[in-house]
**Student:** 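Mind looking over this structure? Questions follow.
Chain identifiers are assigned alphabetically (A, B, ...) following the order of the sequence lines, protein sequences preceding nucleic acid strands; residue numbering begins at 1 within each chain.
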Amino acid sequence: MHLPVHSARREGGGLTNTAIKTASEILLVDDNPADLDLTHEILNKSGQHLSVNTVGDGAQAIAFLHRTGSYAGKPLPDLIVLDLNLLRAHGRDVLSEFKANPEFARIPVVIFSSSQASSDINRSYDLGANCYVRKPGNLFDFRNVVRSMADFWLGSASLPQKET
Amino acid sequence: MQRILRGSVISMLVTDGKDKTRPGLAESSADAARIARPVGLAVGMAVGLAAAPANATALAPQEENNRRGTAVLELPPGQTARADEKPVGEARRKLQVLAVEDDPTEIELTMLALQRGGFDAVYAAVQTREEFTERLHHADYDVILTGYNLPSWNGMETVEVLREEGLDIPVIVVSGYLGELKAVECIKQGAADYVLKDHLLRLPDAVGRALREKKVREEHRRDHEDLARSNRDLEQFAYVASHDLQEPLRMVAIYTQLLAERYQGKLDENADKYIHYAVDGATRMQVLVKDLLAFSRVGSQGAKFRPTDCAAAVEIALRNLHAAVQESGARVECGPMPAVVADPTQLVQLFQNLIGNALKFRGSEAPVVSITAEQTKQEVIFSVADNGIGIAPEHADLVFAIFKRLHSRTEYPGSGIGLAICKKIVERHGGKIRVESQPGHGCTFRFTLPGEKVGDLRTPR
């Protein structure tokens, strides 16, 4: 039987991650620093036990998951919040790359985009997105959406268990 | 006879050709040529009928009472109406002819007439439908010259073949005497012109005119395509602009709101006021951009037309307006509705906007909205009537303009997009919309949707 190299590495990484029962790791991918800041801030105040990493473009997101370059030693996220319109590598490409890689395929990806286009929504689900959330246009709704995202994914939902 | 005929054709074409004046030809000669042209025609006919001598000037006495006749003599020095001379200053025009004719002599005569008329004509000759179609596939022709009834083919079928092939090439029937009825019939069937074999000198003119007409047709077609393209571009622009504007606008809105939340009362009174203005402006602009997007979607994202039950459209519209109907205590009456061929979603939006409008612009009494439809032979006339505040007749057209509002936002909220969308929907369906009203007496919106009866009438529940 063929065992992918990645999965072996993942098991090792999983061990260290789950050994110390720490906060949920969230990776925010967005090229808009304002959205990154605000989302980060709202998540921190959400009351969930979490730790947030942020990256500003698609290429960085891919590097982060592979933990290459400056991302060596970074934890594999439990949840990825991904914008679609990213510089270098579009969010769609990042998504399909994640979902095509057995090491990352299980990690839930929430698409968080301002696009309401049905083509963007459907294509995201086709590529394996776990949820599509539209970025609201005002602070009140934005805060509610990010809070409920944190409540649901980190509170109600059972996330994939890191293999030991 | 043939010798004389040729000669006379040639001489007449000398004067005739000059109306296609090019820059560089002296003005006086241009005038002379313009005047001389009809003489050529007259003479040509004379030649055809009476085998007159070959020299044009020799015929002048016949025309001596005719002012135009003298024009021939007014040709500038150095230009004579000689049989064997080419028109001076005339750029010769290349002409690819497809001749549907079985008699080589006829073709030769025809081509000669064209050569002498200022055309560098080359031709291919065919005799059957198959040959004709084959030729069309392999070369571009400027003009089709066809006999009327050839032994192997009826030349008028060329028109039919061209139509099938989607080609716009003028067809000129060159034939012996047919009689008026048949000649008219040729034109009706789509021939550009009809030239008698005996009057071949008229052919270059007929060809010139047919080519000009084709050019005009092409220009019209191009203009039409340009217009359609520019409409599409404009719609695309509105869509992209409104779509792409949303993103930065979202940042402005959220961060001014955050600013207000965090720093309200911590700066000075003016700062609070300015932040409020910024928040208000950004929020309003968000509504405008969203509405503009909705407006542009009517044209760019509309669905295909299909048979649509208008009663169902009214039912859905009323369901969507449920809260507004309840809140205003409105009574909505709807008569029997036909089915029409339309975009179902847009039809719902149309009724919803019109009914919603009636509820919004209500007077002091509870709104009463009455919806009716009347099927005529070619169209359905719908009306949505209310007992609201009404519209002054001079504002009747304004209400359909995009972002046009007749009241302040505090009196009646909204960006002024609803009726503009209605108009766009109706027009996309090939109909018309207008409003009849007197202030204080409610108003009636009437719109038409073209189409014959599709199904039975049904009254919405």
**Student:** State whether the side chain of B:Q246 and the backbone N or O of A:S114 hold a donor-acceptor pair below 3.5 Å, judged by distance alone.
**Tutor:** no
**Student:** Which heavy atom in B:A253 sits nearest to a heavy atom in A:G137, and how many Å separate them?
**Tutor:** CB-O, 3.5 Å
**Student:** Working to the nearest 0.5 angstrom, can you tell me the gap between B:R250 CZ and A:F142 CZ?
**Tutor:** 5.5 Å
**Student:** For the OH atom on B:Y412, are there more than 12 heavy atoms of other groups (residues, nucleotides or ligands in this structure) within a distance under 6.0 Å?
**Tutor:** yes
**Student:** For atom NZ of B:K423, decide whether the heavy atoms of other residues, nucleotides or ligands shown that lie under 6.0 angstrom number more than 12.
**Tutor:** no
**Student:** Assess whether atom CZ of B:R428 is packed by more than 12 heavy atoms of other residues, nucleotides or ligands within 6.0 Å.
**Tutor:** yes
**Student:** Using the test side-chain contact (heavy atoms from CB on, under 4.5 Å), find all partners of A:T54 that sit at least two apart in sequence or belong to another chain.
**Tutor:** A:L28, A:L36, A:H40, A:V52
**Student:** Could you tell me whether B:Y277 atom OH has more than 12 heavy atoms of other residues or ligands within 6.0 Å of it?
**Tutor:** no
**Student:** With a 4.5 Å limit on heavy-atom distance, are the side chains of A:K135 and B:I254 in contact?
**Tutor:** no
**Student:** Could you state the interatomic distance from CG (A:D35) to CE (B:M251), rounded to the nearest 0.5 Å?
**Tutor:** 4.0 Å
**Student:** May I ask you to test the A:R143-B:E261 pair for a side-chain heavy-atom distance under 4.5 Å?
**Tutor:** yes
**Student:** To the nearest 0.5 angstrom, please state how far the OH atom of B:Y255 sits from the CG atom of A:L139.
**Tutor:** 8.5 Å
**Student:** Are more than 12 heavy atoms from other residues, nucleotides or ligands located less than 6.0 Å from atom NZ of B:K404?
**Tutor:** no
**Student:** For the atom pair CD (B:Q257) and CG (A:N138), what is the distance rounded to the nearest 0.5 Å?
**Tutor:** 5.0 Å
**Student:** Got more than 12 heavy atoms from elsewhere within 6.0 Å of OH, B:Y263?
**Tutor:** no
**Student:** Can we say B:E247 and A:R134 salt-bridge, meaning some charged N sits less than 4.0 Å from an Asp/Glu carboxylate O?
**Tutor:** no
